Amino acid sequence: MVNSALQYPIYGPEIQCPHCRQTIPALTLTDTYLCPRHGAFEADPDSKELVHLQSGRHWRQWDGEWYRQHTHPDGIRFEIHEALDRLYTQGYRATRVIIADRYKDLVNAYLERSTPWRGQVDPATPPRLYGLPVEFSSSSEEDPQWAVINFNLEKEPGVPVRYPYFRLFE
């Protein structure tokens, strides 16, 4: 008798589409899931990543949630900005952003740094993104979630001092 679990990709007979969160089925005897809106996703049993075949985007799962794995700074910056918008619509303001340490080299050039006098950076002042203080996470060896999740926003109730967190014209 054939074990039915062996007929499906590593995440089982169905998953939530990383884009639209709709339940999508696995194609039996393959490593593929098929979303009617977004197309095929291939599950890599070795890396535990889900790859969107049309775009090449990679996703990893933590606590039942899919997290896109970024290769370009604009991707993670856009994702953070979207999360700030969601917080705002829920009645919260962000107080700090913690970015996964694995993205430090990717986003470092895009962080705002305080240069109070003669262009010297004050090491005591944390860099900022969209006006928020930025910290980088502990290593993924210390805390395995940071091998998958991209960032965490610390929040408190209230409206942001400046919305949408950056100034276009000043």
Side-chain angles (χ1 to χ4, degrees), residues 1-94 96-111 129-130 132 134-155 160 163-166:
M1 183 164 170
V2 175
N3 183 351
S4 65
L6 298 176
Q7 296 179 14
Y8 295 109
I10 59 173
Y11 293 110
E14 58 187 26
I15 62 169
Q16 301 291 310
C17 172
H19 286 292
C20 64
R21 296 186 178 36
Q22 171 182 326
T23 300
I24 60 174
L27 301 177
T28 54
L29 302 175
T30 71
D31 287 324
T32 306
Y33 294 90
L34 189 58
C35 176
R37 287 181 62 197
H38 297 102
F41 292 86
E42 191 167 274
D44 184 336
D46 298 327
S47 69
K48 307 281 193 275
E49 288 189 340
L50 196 63
V51 179
H52 185 234
L53 294 180
Q54 284 180 299
S55 67
R57 291 181 176 147
H58 290 239
W59 303 79
R60 294 189 70 202
Q61 193 175 53
W62 184 264
D63 271 349
E65 287 288 319
W66 291 107
Y67 294 90
R68 184 166 160 216
Q69 305 302 294
H70 297 284
T71 57
H72 192 276
D74 288 344
I76 187 147
R77 289 172 54 227
F78 182 75
E79 186 179 348
I80 291 169
H81 196 271
E82 279 185 320
L84 290 170
D85 278 345
R86 276 192 306 278
L87 278 184
Y88 176 73
T89 60
Q90 296 166 355
Y92 290 96
R93 70 171 152 238
R96 179 172 68 146
V97 60
I98 302 166
I99 300 174
D101 188 62
R102 69 184 190 278
Y103 291 125
K104 188 181 261 184
D105 291 338
L106 195 63
V107 300
N108 219 6
Y110 293 87
L111 300 179
L129 182 65
Y130 303 124
L132 296 170
V134 171
E135 287 185 22
F136 288 96
S137 72
S138 55
S139 72
S140 57
E141 289 84 32
E142 293 175 43
D143 190 352
Q145 72 173 344
W146 290 109
V148 178
I149 68 170
N150 300 323
F151 64 92
N152 187 18
L153 292 174
E154 290 188 356
K155 64 184 181 181
Y163 180 78
Y165 290 97
F166 63 90

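Please read these numbers as outputs of a predicted model, since none were measured by experiment. We number each residue from 1, following the sequence as shown.
Interatomic distance, N152 CG to Q145 CD, rounded to the nearest 0.5 Å: 7.5 Å. To the nearest 0.5 Å, the span separating SG on C35 from CZ on R21 amounts to 12.0 Å. Distance check, rounded to the nearest 0.5 Å: OG1 of T71 to CD1 of I76 gives 11.0 Å. Rounding to the nearest 0.5 Å gives a distance of 12.5 Å between CD of E42 and CG of L34.
Annotation for Q54 and G39: closest pair OE1-CA, 4.3 Å, computed over non-hydrogen atoms. The shortest non-hydrogen separation linking G12 to A26 is O-CB, 3.6 Å.
Within the structure, salt bridge (Lys or Arg N to Asp or Glu O under 4.0 Å) contacts touching residues 53-75 (residues at least two apart or in different chains) are D74-R77.
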Go through L84 and L132 one step at a time and tell me if the side-chain contact (heavy atoms from CB on, under 4.5 Å) criterion holds.
CA-CA 10 Å; L84 290 170; L132 296 170; 3.6 Å; yes
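Between H38 and H52, the ring planes are perpendicular. Angles over 60° get that label, and only those under 30° would be called parallel. The aromatic rings of W59 and H19 lie perpendicular to each other, with more than 60° between the two planes, well past the 30° mark.
Residues Q7 and L29 are in side-chain contact: their nearest non-hydrogen atoms beyond the backbone lie under 4.5 Å apart. Using a 4.5 Å heavy-atom threshold, the side chains of Y11 and K48 count as touching. Looking only at side-chain heavy atoms (C-beta outward), P18 and L50 come within less than 4.5 Å of each other. Side-chain contact between I24 and I15 is present, with heavy atoms from C-beta onward closer than 4.5 Å. Contact annotation: the side chain of P9 never approaches that of L27 to less than 4.5 Å [non-hydrogen atoms, C-beta and beyond]. The shortest side-chain heavy-atom distance between C17 and Y33 does not fall under the 4.5 Å cut-off.
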List, one per line, each side-chain donor-acceptor pair under 3.5 Å for residues 99-111, sequence neighbours excluded.
residue, atom, partner, partner atom, Å
R102, NH1, W146, O, 2.4
R102, NH1, I149, O, 2.9
R102, NH2, Q69, OE1, 2.9
R102, NH2, V148, O, 2.9
R102, NH2, I149, O, 3.3
R102, NH2, N150, OD1, 2.8
Y103, OH, H70, N, 2.9
Y103, OH, N150, OD1, 3.0
N108, OD1, R113, NH2, 2.6

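The ring of W66 has its center no closer than 6.0 angstrom to the ring center of F41.
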